[in-house]
Amino acid sequence: MSRTDPLIEGAFWQRQNEVIERTFLEAEQLHHLKETLDSVYSNVPFYKSRFEKAGLIPGDIRSLGDLRRLPFTTSDDLRAAYPFGMLAVSKEDVVRLHTSSGTTGKPKAIFFSRQDIENSSDLIARCLVMTGTGRGDILQNMMTYGMFTGALVMHYGAEKVGALVIPAGPGNSDRQISFMQDFGVTAFHITPSYALYISSLMQERGIDPGKDLSLKRAYLGAEPYTEETRRKIEYIFGIDVYNCYGLTEMNGPGVAFECMHKNGMHLWEDHFLMEIINPDTGEVLEDGEKGELVLTSLRREAMPLIRYRTRDITRIMPDNCECGRTHRRISRILGRSDDMFIARGVNIFPQQIEQVLMGIKGVAQNYQIVLESFDDITVRAEISKDLFDGNIEHLLDLQTEIADKIRAEIIVKPKVELLEPGALPVSEGKAKRVIDNRTM
Ligand code: ADP
Ligand code: ZN
C-alpha cells in the first residue's frame with residue numbers, strides 16, 4: 001500500500017510524537033511513570049498500602065523494568081474503591097465522570113480532570129488524522145452517548161480535527177441511514193455488530209452503500225470482532241474500516257488504533273505503558289506472545305492506574321510498521337478473558353466461531369452461541385433469506401458445512417441452528433454473543 005498519511009494543518013507536532021525515536025520515547029515514559037507513581041503514592045491510600053506491602057517507595061522504581069516489582073490493579077480493586085477511592089486529585093479538579101459500560105459485573109467509576117479530557121481528545125485526534133479524517137469530513141457517531149466513553153471521547157477528538165460531528169448515538173436505524181444520505185456522511189464510528197445490522201437494513205431498503213452514499217471509512221470498536229467481519233463490512237459499504245481500541249479505565253477509545261496499513265493497532269506508548277502477561281501466572285511475556293494486556297497510564301491525572309489488568313487477550317507485534325510510527329502495535333483483540341468459555345475442556349473464544357461463520361457464503365450478519373451444558377454448544381446463525389426457498393437439501397448442506405468448519409477451528413462440534421435474518425435480537429451497544437444457560 002503506497003498511500004501516505006495525510007497531515008492536517010497544525011498537527012505536525014502530533015506526527016513528531018508518533019515517529020519519536022524509541023530511546024527518547026522510553027525516557028519520556030520513565031519521566032511520566034515516576035510522576036504518576038509519586039501522585040498515586042501521595043494521594044491514593046489504596047496505592048500507598050500496595051507500595052508498603054511490596055516494601056517499596058516510588059523512588060525505588062528507577063527504570064521501566066522496575067515496574068514489574070509492583071502488583072497489578074484489577075477491576076475488582078476499582079469496584080472495591082467505588083465511588084471515590086481511586087481519585088488522585090481533589091474532587092474539585094474532576095470535570096467528568098464515566099463508568100464502564102458494565103458488560104461484566106457492576107460499573108467502575110472513572111474520573112477525568114480537564115487535562116485528561118484534553119489528552120483523550122488529542123489522542124483521538126491523532127488517530128483520526130492518521131486515518132485521513134479531518135476538516136471537511138462528516139462523522140456520524142453511532143456509539144452510545146452517556147456513561148460510556150465510546151461516543152463522547154470520539155466526539156471531542158473529531159471536533160478537534162475540524163470534522164463535522166453528528167452525535168447520532170445508536171438506534172433509530174432508518175434515521176441513521178437518512179442522515180448518511182442527507183448530510184453526505186463520510187465517516188462513521190460504530191460497534192461491529194451494529195454496523196452489520198445497518199448494512200442488512202440498507203440492503204432491505206434497496207440502498208447500495210457503495211453507490212448511494214458518500215461513506216469513505218468507519219471506525220469500529222468497543223467489542224472484539226474478526227478480520228473476516230472487517231472485510232465483510234468493508235466490502236458491503238465499499239469503505240475502509242479501522243480498528244479502534246480503548247477502555248474507560250484508560251480514557252476510552254483511542255488507546256490503540258490502526259494506521260492505514262490496517263495491520264495491528266499502534267498503542268500510544270507516550271500515554272500508556274503496555275505489558276502482556278500470562279493471565280494465569282502473571283508472568284510477563286515476550287513481544288509476540290499471546291496473553292492479557294496490562295496497561296499503566298502515564299499521563300492520567302484524576303485517576304491514574306498502575307499495571308491495570310484489562311482482561312483483553314492480544315499480543316505485541318514485534319516487527320516495525322511500514323508507516324514508520326515507532327509506537328508498537330498490538331494485534332486485534334482476540335477476545336476478553338471474561339468471554340472465554342470452556343466446552344469439553346477446550347478454551348473457546350466467541351471470535352473463533354465468528355471467524356468461521358463470516359467466511360461462509362450464505363451466512364448473514366448475526367449469530368449467537370448458546371451453552372446448555374459443559375459439553376455442548378449450539379451456534380445459532382442467521383443466513384440469507386433466499387436460502388429459505390423450500391429446498392431443505394441446501395439448508396442441510398450449509399448446516400453440515402458450518403458444524404464441520406467450526407469443529408476444525410475449536411475441536412468441539414456444535415449443534416447448528418439456521419435462522420432467517422432478523423430472528424436474533426440486535427444490540428445497539430455491545431453485542432451479547434454468548435448465552436450461558438448452564439447451571440453448575
Ligand atoms: P466494559 O465493556 O468492560 O464494561 P468499556 O465500555 O470500557 O468496558 O469497554 C472496554 C472494553 O471493550 C475493552 O476492555 C475491550 O474488551 C472492548 N473493546 C474496546 N475496543 C475494542 C476493539 N477494537 N476490539 C475488541 N475489543 C474492544
Ligand atoms: Zn502503522
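Each ligand, and each atom within it, is numbered from 1 in the order the structure gives. Just so we're clear, the structure is a prediction, and the values are computed from it rather than from any experiment.
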ask   = So which of Pro224, Pro253, Cys244, Gly252 gets nearest to atom 26 (N) of ligand 1, if we judge by its closest heavy atom?
value = Pro224
Option nearest atom 11 (C) of ligand 1 (shortest heavy-atom distance, choices Arg336, His98, Gln351) = Arg336
Below 4.0 angstrom from a heavy atom of [X], which ligand 1 atoms are there? Numbered from 1 as shown, please.
| X | value |
| --- | --- |
| Glu223 | 18 (N), 21 (C), 22 (C), 24 (N), 25 (C), 26 (N), 27 (C) |
| Ser100 | 4 (O), 8 (O) |
| Thr248 | 5 (P), 6 (O), 7 (O) |
| Leu247 | 7 (O), 10 (C), 14 (O) |
| Phe148 | 6 (O) |
| Asn243 | 22 (C), 23 (N) |

inquiry  = With rounding to 10 degrees, what does the angle His266:NE2 / the Zn ion (ligand 2) / Cys323:SG come to?
reply    = 100°
ask   = What's the SG-the Zn ion (ligand 2)-SG angle here (Cys321, Cys259), rounded to 10 degrees?
value = 110°
Could you tell me whether [X] and [Y] have a side-chain N and a carboxylate O separated by less than 4.0 Å?
| X | Y | answer |
| --- | --- | --- |
| Asp339 | Arg311 | no |
| Glu249 | Arg309 | no |
| Arg299 | Asp122 | no |
| Lys232 | Glu354 | no |
| Glu26 | Arg22 | yes |
| Asp376 | Arg344 | yes |
| Arg231 | Glu234 | no |

Any N, O or S atom of His261 closer than 2.8 Å to the Zn ion (ligand 2) = no
Looking only at distances, please establish whether an N/O atom of ligand 1 is found under 3.5 Å from an N/O atom of [X].
| X | value |
| --- | --- |
| Ala222 | yes |
| Tyr225 | no |
| Thr310 | no |

request  = Please work out whether the ring planes of Phe188 and Phe237 are parallel, tilted or perpendicular, with thresholds of 30° and 60°.
outcome  = tilted
task = Verify the distance criterion only: is there a donor paired with an acceptor across the side chains of Tyr245 and Thr314 at less than 3.5 Å?
result = no
query = Going by atom types alone, do Arg433 and Asn366 pair a side-chain donor with an acceptor below 3.5 Å?
reply = yes
remark   = Logged contact type for Asp312 with ligand 1, heavy-atom cut-off 4.0 Å, is side chain
note = Quick look: Lys430 vs ligand 1, heavy-atom contacts under 4.0 Å, and the answer is side chain
